[in-house]
There are 2 protein chains.
Amino acid sequence: MSNQETSRTRHRRGSAKPTLKDVAEAAGVSSITVSRALNTPERVNGVTRQRVFDAVDKVGYVPNLVAGSLATSSSRFIAVIVPSLSNVVFIEVIKGLQETFEARGYQMLLGNTDYDLQREHQLVRTFLGWSCSALVTAGLRHSEACRTLLSHWDKPIMEVMELGEALDLNVGLDHHEAGRCMARHLLERDYRSIVYVGACMDGDYRADMRFSGHRHELEAAGLEAPLIELDQLGSLAAGTAGLDRVLKEFPDARAIHFANDDLATGALLHAQRLGLRVPKDIAIAGFNGLPLGQHVTPRLTTIQSPREAMGRRAAEQVLRRLDHQPVTRRQHDVGFKLLVGQST
Amino acid sequence: MSNQETSRTRHRRGSAKPTLKDVAEAAGVSSITVSRALNTPERVNGVTRQRVFDAVDKVGYVPNLVAGSLATSSSRFIAVIVPSLSNVVFIEVIKGLQETFEARGYQMLLGNTDYDLQREHQLVRTFLGWSCSALVTAGLRHSEACRTLLSHWDKPIMEVMELGEALDLNVGLDHHEAGRCMARHLLERDYRSIVYVGACMDGDYRADMRFSGHRHELEAAGLEAPLIELDQLGSLAAGTAGLDRVLKEFPDARAIHFANDDLATGALLHAQRLGLRVPKDIAIAGFNGLPLGQHVTPRLTTIQSPREAMGRRAAEQVLRRLDHQPVTRRQHDVGFKLLVGQST
DNA sequence: ATGAAAGCGCTAACAC
DNA sequence: GTGTTAGCGCTTTCAT
């Protein structure tokens, strides 16, 4: 066995799938023509083009996007990083993003940090390695290393959820202001003893921002702003626990400002089981404006956050940048709306 | 050394990011050594290895996964295709998948078909182009072209949600049987006039499978099995509409079997607003076992489907295959559980 | 334990 | 409008 093998220079485990070259041979053209026929059909002759398309079907060609991506050093991936998939809020933002990006032929690369900034950094590294076209991440808080990594990156970066000092683009709402808004509403209704109840607020720091707005408003009115922080997951059940704790720890409480609608609705349903009248015995308010809270009786007073719209808006801004359209503002406030129900 | 050009023959738009070669130069080794130090550290000398790691940090190297993927013709991507992101059920399955895959270093590539089989086919093509390691798709129904494409693919394919004749691996539950189970429960409770209410069942064909189980059971008992199909989205609101339609079109109905918990809960809350007693005036049953239904009063009778567990189980089976472990069974029934509440 | 060379499948750059 | 050539950045094969 010295040398006369049937063309055996060096073997490679290439996946035996048809390539551009196979299509080219079948169509009797060169592979670059096939490439053009597929990517910029207007730049090849109609007859040739048809011949290529036929050949594609004939050999069952599926483009190798990895190779294309390496050649162009860009992929149609959009990296999307969220802290949790258990929270409807992120799900709906993702939905808005996904719809908008998918319609434009971009593929979402979804990462979940579980509220861990180290994990975020790791995900960012991985995603950069895939030559993503842009990156969307939830929130403005990142590890220093992650921030450095991103600041050296030259593609669009979108930070979504809250507003503030952003790396690049920013779409969100003012959570501090939202917390104030609800506190103001409760004060206007003449509740004076108001407890704020949140869950896992070190991770969900936006709930903490809302609390801080709430506290400012109460303190400005000369009131205390007690806080209960639950460490429980599973929001409806946590709401139940939250109400119990308020009744026990703050028997004089007249209103509860919950960090979100799940907690608030859980508490509201629990109040009914306990025979408490809402809002007569205890008023309950939430945040998010989920359908759930709008279907219970009494209807939940809450703040509507435009979650899907936020995702769409964020995606649109990113797409504008990818299309090289002028970006007038880097920051977009999607706002919120107080929904006054019967629970306050 | 004949041509001493500082600048070269042809330019390429390479993304100016440090590559293996840059690291190699900084470390005074060849690039293949850097590659090995990164991928199979045990195969390089300890001193060299450290020198490489230092160089990586120094030049700020981020591996180009696209290039790696092309060279190995495999990526650590798992394609996941679902028909909707608006439905908690898929979200929770995704969550189970994501957790399990991410823990093993696989990245999920998420696609949404919007219940369109053509769209599914297109997504599959795209995903195959990314050299995914495996594909997970919701359901057993695919277009013929999609089926053909997949049958020529040599990587693991997992069909999740319902059980049946699968392409490769299959994890799910028996929806027909689940429908029968609930119908049986209602019959045992002596409800004789039972209406099934679903929404958009052409897309959500598993609801239709449950209806068919329901119908079989009722017909076996000599009863009619009337069906109302809502075309409305937004499940709680649709449940409201569903109850209204039942009251109008089937005034004698004593029980309603809803296709899911959102509809059922929407109806239950609406019944309370209408002053109807549940289950005395009308019994209500759902499907899924969402927390929501378990927190209303009366607690919803429903069927618990193990959604996250289904995702985890599916991922585990796929991982076994990727690890070349023997796969004993291709089909896994995750089962379901009747939860008897007070709504029936 | 380390390196040189070939090549994964595609597209940008430069002809004609 | 089409073809030729040279990479994209990495890993595999083979050699030392």
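Treat the numbers as computed from the prediction; the structure is a model and nothing was measured. Just so it is clear: chains get the letters A, B, ... in the order the sequence lines come, proteins before strands, and each one is counted from 1.
- Shortest non-hydrogen contact noted between A166(A) and N170(A) is CB-CB, 3.5 Å.
- Here the rule is salt bridge (Lys or Arg N to Asp or Glu O under 4.0 Å) with D168(A), and of R330(A), K155(A), R147(A) only R330(A) fits it.
- For the residue pair A79(A) and F127(A), the shortest heavy atom distance occurs at CB-CD1, 3.3 Å.
- Looking at T126(A), its side chain does come within 3.5 Å of a backbone N or O of Q122(A) through a donor-acceptor pair.
- Contact check of residues 42-61 of chain B against DNA chain C (heavy atom, cut-off under 4.0 Å) returns V44(B), N45(B), T48(B).
- Using a cut-off of 4.0 Å between Lys/Arg side-chain N and Asp/Glu carboxylate O, R119(A) and E102(B) are scored as salt-bridged.
- Listed in residue order, the members of residues 20-39 of chain B having a heavy atom less than 4.0 Å from DNA chain D are L20(B), I32(B), S35(B), N39(B).
- Distance, N64(A) CG to dG9(C) P: 7 Å, rounded to whole Å.
- Between Y205(B) and Y115(B), the ring centre distance reaches or exceeds 6.0 Å.
- Screening V23(A), T19(A), V44(A), D22(A) for a side-chain contact (heavy atoms from CB on, under 4.5 Å) involving V34(A) leaves a single residue, V23(A).
- For the residue pair E120(A) / T137(A), a side-chain donor-acceptor distance below 3.5 Å is found, with atom types taken as modelled.
- With rounding to whole Å, L70(B) atom CG is found 4 Å from dC8(C) atom C1'.
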